[in-house]
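Residue numbers begin at 1 in each chain, while the letters A, B, ... track the order of the sequences.
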2 protein chains.
Amino acid sequence: MKTLRLTSSDRAILLNLRFFSRLPRPAQEAILEGATVSTHEAHDTLFRQDDPIDNVLVVLSGLVRLYRLGKDGREADVAVFQKGELIGVNAMFLDRRATANVQAAEPSIVARLESAKLRQLAAEDTGVAQALLELLCHHGKMAEDCLAEDRLLTAPQRVANYILSHCPIGTESFSFRLPFQKSVLAGKLGLAPEALSRAFSTLRRSGVVVKGRVIEIRDRQALEQF
Amino acid sequence: MKTLRLTSSDRAILLNLRFFSRLPRPAQEAILEGATVSTHEAHDTLFRQDDPIDNVLVVLSGLVRLYRLGKDGREADVAVFQKGELIGVNAMFLDRRATANVQAAEPSIVARLESAKLRQLAAEDTGVAQALLELLCHHGKMAEDCLAEDRLLTAPQRVANYILSHCPIGTESFSFRLPFQKSVLAGKLGLAPEALSRAFSTLRRSGVVVKGRVIEIRDRQALEQF
DNA sequence: CGCTTGTTTGAAGTACATCAACTAGGGTGG
DNA sequence: CCACCCTAGTTGATGTACTTCAAACAAGCG
């Protein structure tokens with residue numbers, strides 16, 4: 001891991017995020033001022049569960065995975081963050097400890113904001129607080145969706161759902177590229193990699209063609225009712 | 001369902017909540033001013049998924065269950081709220097629609113706060129925003145815990161966890177009363193009622209005695225390593 | 001006492017995990 | 001350019017945890 005200062009392109013990425021773009025200008029400056037950047041290899045661990053943490057991370061490139069460990073050493077993903085997503089906002093307002101292990105799932109670059117500064121800004125400026133509130137509500141909804149999916153859907157249904165969520169409405173056929181390894185998708189969906197593989201082959205009968213990371217949907221209807 | 005004004009004891013309950021007690025006095029008044037109360041029979045539906053919703057609910061007594069429906073009509077609980085908990089905070093800052101079905105799981109009384117008012121206060125007063133931020137982070141952590149439990153633990157382990165979470169630290173043996181029907185606990189843990197029942201009987205071998213709603217722990221050690 | 005509702009138990013089925021073997025790409029070094 | 005290796009992914013066989021359906025049982029409450 002190497003730690004650096006923000007480049008101007010890093011700044012540009014940050015300022016374009018939904019979260020940042022809603023902040024008042026002075027708050028933007030204040031946050032960026034103390035920010036640093038770090039680069040990580042795949043499988044690097046950024047934090048371990050319960051580590052004290054006084055940064056909020058922003059993924060600038062790559063992929064960061066949050067997972068918890070079972071007593072038997074098994075890993076369960078609780079979230080996967082892509083470019084532009086914020087990590088560790090919850091911890092900032094709770095006990096300031098990581099609620100999960102944080103790991104780079106591929107070579108990644110993350111910005112590190114100072115939680116203390118962000119907390120202070122939120123306490124002084126309702127605009128900042130507002131942006132955080134919206135972000136947290138969005139996270140909350142995602143989590144609820146995820147729990148409901150886990151409890152209601154079978155593996156092929158979860159995969160179908162994922163595919164459909166990347167498929168613009170109103171299109172009958174479509175194709176896109178997975179933004180990460182299949183094993184990461186498996187973790188995100190709460191499946192073993194083998195189960196994901198089998199789910200894909202089940203969906204082939206409903207017009208889903210998978211070649212490498214490219215997924216092609218031939219019959220949207222069939223997928224939706226799966 | 002009957003709608004009423006707040007009684008003074010309702011006001012007292014609300015003002016004692018962690019959330020309310022952190023609010024500045026004028027904000028408390030402003031919120032209580034527009035609040036109403038409604039009573040519900042068991043199984044009453046308060047909202048259906050996607051209903052527009054412009055209240056935040058507070059459970060004053062009883063139990064309120066949030067669940068989503070699968071395509072086949074199966075129900076999956078996403079949260080269960082007891083006395084003193086707030087419902088619908090996420091929706092307030094998103095699209096203002098219910099993210100799940102909301103149902104009284106037993107005869108219940110809920111206060112209804114005006115989301116518009118609360119939103120306005122949060123936009124004007126960082127104290128209010130702060131209280132909401134902490135609340136949402138807490139919700140977020142709960143959701144993450146829940147997802148991780150679902151993915152890492154077997155049914156008996158989840159039940160053991162639940163029991164331990166109600167067992168004061170440092171006590172070797174202990175007993176407490178379930179705050180709701182077993183079928184509700186089953187839903188909360190993502191299990192069929194039968195699975196919960198079987199989990200209890202598995203745990204009997206580890207010193208858990210269940211009589212009606214009363215649960216007795218004879219050997220905390222055994223439970224912890226389950 | 002009998003009815004309703006909640007819980008337990010049993011038997012059968014299903015979905016997913018796990019383990020192991022095999023296959024396909026994607027570099028690397030010769 | 002090919003042989004090799006390493007990793008990611010697939011496929012098969014087996015085990016297991018939970019669901020589902022059905023029936024027995026218990027507990028309130030009229």
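A:R213 comes within 4.0 angstrom of no nucleic acid atom, judged by non-hydrogen atoms across all strands. Across all strands shown, B:R151 has no heavy atoms under 4.0 Å from either base or sugar-phosphate atoms. Across all strands, B:L196 comes closer than 4.0 Å to no nucleic acid atom at all (heavy-atom distances).
Between B:E194 and A:A155, the residue anchored nearer the 5' end of DNA chain C, judged by the nucleotide with its closest heavy atom, is B:E194.
At a cut-off of 3.5 angstrom, counting only N and O atoms as typed in the model, there is a donor on one side and an acceptor on the other between the side-chain of B:R198 and the base of C:dG10.
Donor-acceptor pairing under 3.5 Å is recorded for the side chains of A:E144 and B:T99.
Contact annotation: A:T154 side-chain N/O to C:dT14 OP1/OP2 distance is not under 4.0 Å. Within the 4.0 Å cut-off from OP1 or OP2 of C:dT8, not a single side-chain nitrogen or oxygen of B:S201 is found.
Nearest to the side-chain atoms of A:S183 among the listed nucleotides D:dG9, D:dT19, C:dG6 stands D:dG9.
At distances below 3.5 Å, not a single donor-acceptor pair connects side-chain atoms of B:N16 with backbone N or O atoms of B:I13. In terms of modelled atom types and a separation under 3.5 Å, the side chain of B:Q157 and the main chain of B:T154 share a donor-acceptor contact.
When the options B:R65, B:K188, B:R68 are evaluated for a salt bridge (charged side-chain N to carboxylate O under 4.0 Å, His left out) with B:D77, the one that passes is B:R65.
Taking atom CG on B:L153 and atom P on D:dC18, their separation rounds to 10 Å, with Å as the unit.
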